[in-house]
There are 4 protein chains.
Amino acid sequence: MKKTKIKRDPAGSREKILQAALEEFAEFGFDGARMDGIVKRAGVSKNLAYHYFGGKESLFLEVMEQMYVRMRAHHADLEIRHMSPIEGMSQLVRHTFAHFVEHPEVISLLNSENLHNAIHIRGSRKISELYSMLTEVIESLLERGVEAKVFRTNVDPMDLYISISALGYFYLSNQHTLGAIFHKNLTDPERLKAREDHIVEVILGYLKP
Amino acid sequence: MKKTKIKRDPAGSREKILQAALEEFAEFGFDGARMDGIVKRAGVSKNLAYHYFGGKESLFLEVMEQMYVRMRAHHADLEIRHMSPIEGMSQLVRHTFAHFVEHPEVISLLNSENLHNAIHIRGSRKISELYSMLTEVIESLLERGVEAKVFRTNVDPMDLYISISALGYFYLSNQHTLGAIFHKNLTDPERLKAREDHIVEVILGYLKP
Amino acid sequence: MKKTKIKRDPAGSREKILQAALEEFAEFGFDGARMDGIVKRAGVSKNLAYHYFGGKESLFLEVMEQMYVRMRAHHADLEIRHMSPIEGMSQLVRHTFAHFVEHPEVISLLNSENLHNAIHIRGSRKISELYSMLTEVIESLLERGVEAKVFRTNVDPMDLYISISALGYFYLSNQHTLGAIFHKNLTDPERLKAREDHIVEVILGYLKP
Amino acid sequence: MKKTKIKRDPAGSREKILQAALEEFAEFGFDGARMDGIVKRAGVSKNLAYHYFGGKESLFLEVMEQMYVRMRAHHADLEIRHMSPIEGMSQLVRHTFAHFVEHPEVISLLNSENLHNAIHIRGSRKISELYSMLTEVIESLLERGVEAKVFRTNVDPMDLYISISALGYFYLSNQHTLGAIFHKNLTDPERLKAREDHIVEVILGYLKP
DNA sequence: GATGAATGAGGTTTCATTCAT
DNA sequence: TATGAATGAAACCTCATTCAT
């Protein structure tokens with residue numbers, strides 16, 4: 001009849017749900033993820049998730065936005081302006097790869113979102129904005145490199161950005177099928193280091209004038 | 001000449017189910033796909049799919065194997081031996097990209113399979129065998145290129161294969177999120193052509209001695 | 001005083017499902033029973049049964065355990081210690097028979113369980129414990145009877161227990177085939193009384209020194 | 001286009017199906033048995049079973065009737081008339097027990113039939129007839145035993161027949177639950193022999209004047 | 001704010017039976 | 001006589017969501 005103690009911690013609960021959702025969506029994808037699984041991970045009641053986020057789709061969107069925010073924050077850490085173009089480009093490539101390695105959920109979430117034709121983020125203004133920064137960084141690097149005659153001309157920044165991402169993303173996102181085919185564990189630290197070096201070589205090779 | 005209503009057609013029914021499953025799995029992923037959707041596409045009764053394939057998982061495996069077989073067949077079409085190393089490498093890159101463009105289901109299926117840690121194909125001997133061919137082609141190209149002094153040395157064939165795939169695969173697999181971010185339609189024919197050229201430049205740039 | 005429509009009643013719902021399952025399993029056996037039938041009897045939604053019990057098998061196990069508990073409770077009601085050995089044995093026999101008559105579900109459930117090689121209860125510690133009591137009662141009666149020179153020696157308590165059960169159980173469990181063969185209704189009260197007396201005579205006749 | 005050879009063996013197929021059905025029904029009960037399982041055991045096509053027997057229920061009835069016929073044949077083997085009443089009764093008891101031991105399917109089938117309220121055999125004239133013989137044998141033995149002053153009077157032949165069956169039937173039909181409770185394997189040959197002796201003692205003890 | 005009991009709709013799978021050959 | 005492909009109905013079970021407390 002009398003409730004002795006009920007923990008109330010709105011912000012804490014919200015954050016726990018978000019984190020749990022991130023893990024669940026990353027592990028199983030949008031369709032494979034279960035609301036039951038999320039609330040169990042979060043250690044909160046079912047309805048609380050609905051109370052805060054409205055439903056599975058909205059929760060997924062919020063998870064996606066948070067993921068993009070973290071990605072942007074990670075990239076913002078990188079101070080490239082004072083580096084030489086080649087050094088800057090190398091660092092950008094390594095930084096991008098490192099983020100995928102440290103945050104495998106990024107890959108799961110993006111794959112899920114693409115399977116659903118990006119319906120969740122298509123409308124999100126937040127996300128779109130995040131990328132202007134990246135494009136600017138790349139454009140600036142390219143300009144300085146061309147000026148210093150260490151980079152070729154006629155490079156499309158978008159294509160370059162996509163290629164930088166692609167070379168690491170695909171390696172990690174398809175690690176299981178590739179691993180099954182080549183009978184190797186693609187995530188062992190030495191192989192990861194080798195891959196990173198390879199990607200740097202590919203990108204710098206391409207940019208060589 | 002042609003029967004308007006075919007009632008018995010074992011091979012045909014099996015094939016129709018397989019094709020329908022390919023489409024459904026490609027569109028929704030393994031978890032999002034519905035057996036109902038598959039049998040409806042195939043125009044057969046639900047039970048028939050179970051009769052032939054045993055269940056959703058086995059059906060998915062069969063679809064995956066078929067997909068790999070087709071991929072191998074596509075690559076086998078390419079006669080590279082008589083080309084110069086640079087011409088051969090270009091053709092390999094373009095061929096690979098074209099296959100992804102023409103068979104978008106490959107990307108969905110592989111993403112699904114990787115989300116599930118490749119549990120379906122891990123045991124499949126068939127698939128593993130398919131790749132020896134590709135590796136051999138690449139190794140042979142690299143040797144000839146080095147000999148002719150048009151390619152650099154110290155290139156890991158596996159890394160190269162992964163990069164060739166990655167540059168096209170990621171562009172297509174993430175077309176919806178990238179499109180949302182850059183406000184472009186990545187699959188319009190001109191952009192596809194530009195991307196293909198870009199990939200060739202990246203790979204050849206990297207291989208330059 | 002009484003709510004016409006009760007919406008929330010955890011313990012009640014659980015109990016209703018259990019009772020409904022008991023009836024359904026008793027009527028149709030494990031394989032013949034339908035989860036739909038159970039939830040319909042219980043007046044709850046299908047999922048609730050799964051929520052509480054996990055599945056058909058677990059529900060059956062719980063029903064079995066409850067049945068054994070009731071059986072034990074019924075036997076515990078019988079105070080035999082102060083009776084003479086012959087009187088005690090008669091009462092035990094009549095008590096056992098009465099329980100089968102009043103709880104026909106016991107027979108259905110045990111037959112079902114035996115058809116499945118006792119897979120459900122094999123692991124259940126609960127059930128095993130229930131029987132030590134019965135064995136002790138029988139052993140004590142036998143000792144006192146031998147001492148008082150009213151019972152023969154060399155009686156295996158397990159065999160005796162099985163025979164006491166068998167003589168009533170089989171009569172009831174096979175009442176329909178036996179009834180069809182002998183053209184009699186074996187459950188009419190007079191015949192039940194006669195059978196009970198017969199069983200007492202058989203057991204006491206066997207125990208006579 | 002051309003069928004090289006189709007085996008035709010009407011009687012053989014029918015018999016194979018019947019035998020397969022006996023095994024399947026015995027193993028899983030009526031509800032647990034699968035038509036697929038039966039035709040697979042029999043090694044014939046699905047429709048053949050329907051062609052010969054009409055359906056699952058009719059097939060079950062036929063299996064039941066065959067089972068009763070075999071039981072009768074087994075009992076007819078026993079020549080009791082020339083034995084002393086006590087010897088004859090012992091032999092009848094042992095013979096009955098042996099049949100249950102050697103034909104465990106009898107127990108499964110009868111349990112299944114009783115679960116369904118004997119709907120299949122209720123109408124079968126064949127089966128009813130089989131029992132007159134048994135009753136006559138028992139009545140004759142009882143008369144001779146009373147006359148020879150080795151048996152008590154006032155014994156109901158039906159009750160006696162049921163008890164003779166019960167003591168063996170229940171032991172075997174409930175062997176799995178009893179085994180789980182008493183932690184014994186009830187079908188090990190020594191225990192079977194002991195049980196048989198026990199049953200003889202019980203029946204003869206009861207009949208002692 | 002917080003709980004978890006309860007649900008309807010729909011998921012995968014199974015099964016006795018029929019039908020074209 | 002014989003086959004096995006094909007089916008409709010219904011089985012068990014799951015899941016996102018809601019509701020009384």
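So you know, we letter chains A, B, ... as the sequences are listed, proteins then strands, and number each from 1. Heavy-atom basis, side chains included; hydrogens, waters and symmetry copies ignored.
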Worksheet item: Where the side chain of D:Ser112 meets the backbone of D:Gly29, is there a donor-acceptor pair that is under 3.5 Å apart?
Response: no
Worksheet entry | Distance test, side-chain N/O of B:Ser13 to OP1/OP2 of F:dA6, below 4.0 Å | yes
Discussion item. Below the 4.0 Å mark, does F:dA2 have OP1 or OP2 next to a side-chain nitrogen or oxygen of D:His51?
Written reply: no
Worksheet item: What nucleotide, of F:dC13, F:dT3, E:dA16, holds the atom closest to the side chain of D:Leu48?
Response: F:dT3
Item to complete: Kindly write out the residues that satisfy side-chain hydrogen bond (donor to acceptor under 3.5 Å, both in side chains) with C:Arg41, not counting sequence neighbours, or none if the list is empty.
Response: C:Glu23, C:Glu24, C:Glu27
Discussion item. Taking salt bridge (charged side-chain N to carboxylate O under 4.0 Å, His left out) as the definition, give me every residue that meets it alongside D:Lys56, ordered by chain and number, with sequence neighbours left out.
Written reply: none
Discussion item. Please give me every residue in residues 21-42 of chain A whose heavy atoms get under 4.0 Å of an atom in DNA chain F, ordered by residue number.
Written reply: A:Ala33, A:Arg34, A:Met35
Fill in: Distance, rounded to the nearest Å, where C:Tyr50 contributes OH and E:dT12 contributes C1'
12 Å
Worksheet entry | Side chain C:Lys46 and base E:dT7 donor-acceptor under 3.5 Å | no
Worksheet item: Have B:His176 and A:Glu113 got a donor and an acceptor in their side chains that come within less than 3.5 Å?
Response: no
Worksheet item: Is the shortest side-chain N/O distance from D:Tyr52 to OP1 or OP2 of F:dA2 below 4.0 Å?
Response: yes
Item to complete: Could you tell me how the ring of D:Phe25 sits relative to the ring of D:Phe30: parallel (under 30°), tilted (30 to 60°) or perpendicular (over 60°)?
Response: parallel
Worksheet item: Of B:Lys56 and C:Ser45, whose closest DNA chain E nucleotide lies nearer the 5' terminus?
Response: C:Ser45
Worksheet item: For F:dA10, which nucleotide is its Watson-Crick or G-U wobble mate, given both distances must be under 3.5 Å?
Response: E:dT13
Worksheet entry | Identified pairing partner of E:dT21, criterion: Watson-Crick or G-U wobble below 3.5 Å | F:dA2
Worksheet item: Side chain of D:Asn47: nearest nucleotide among F:dT3, E:dT13, E:dG4?
Response: F:dT3
Worksheet, complete the sentence: Whichever of C:Arg14 and B:Glu57 has the more 5' nearest nucleotide on DNA chain E, that residue is C:Arg14
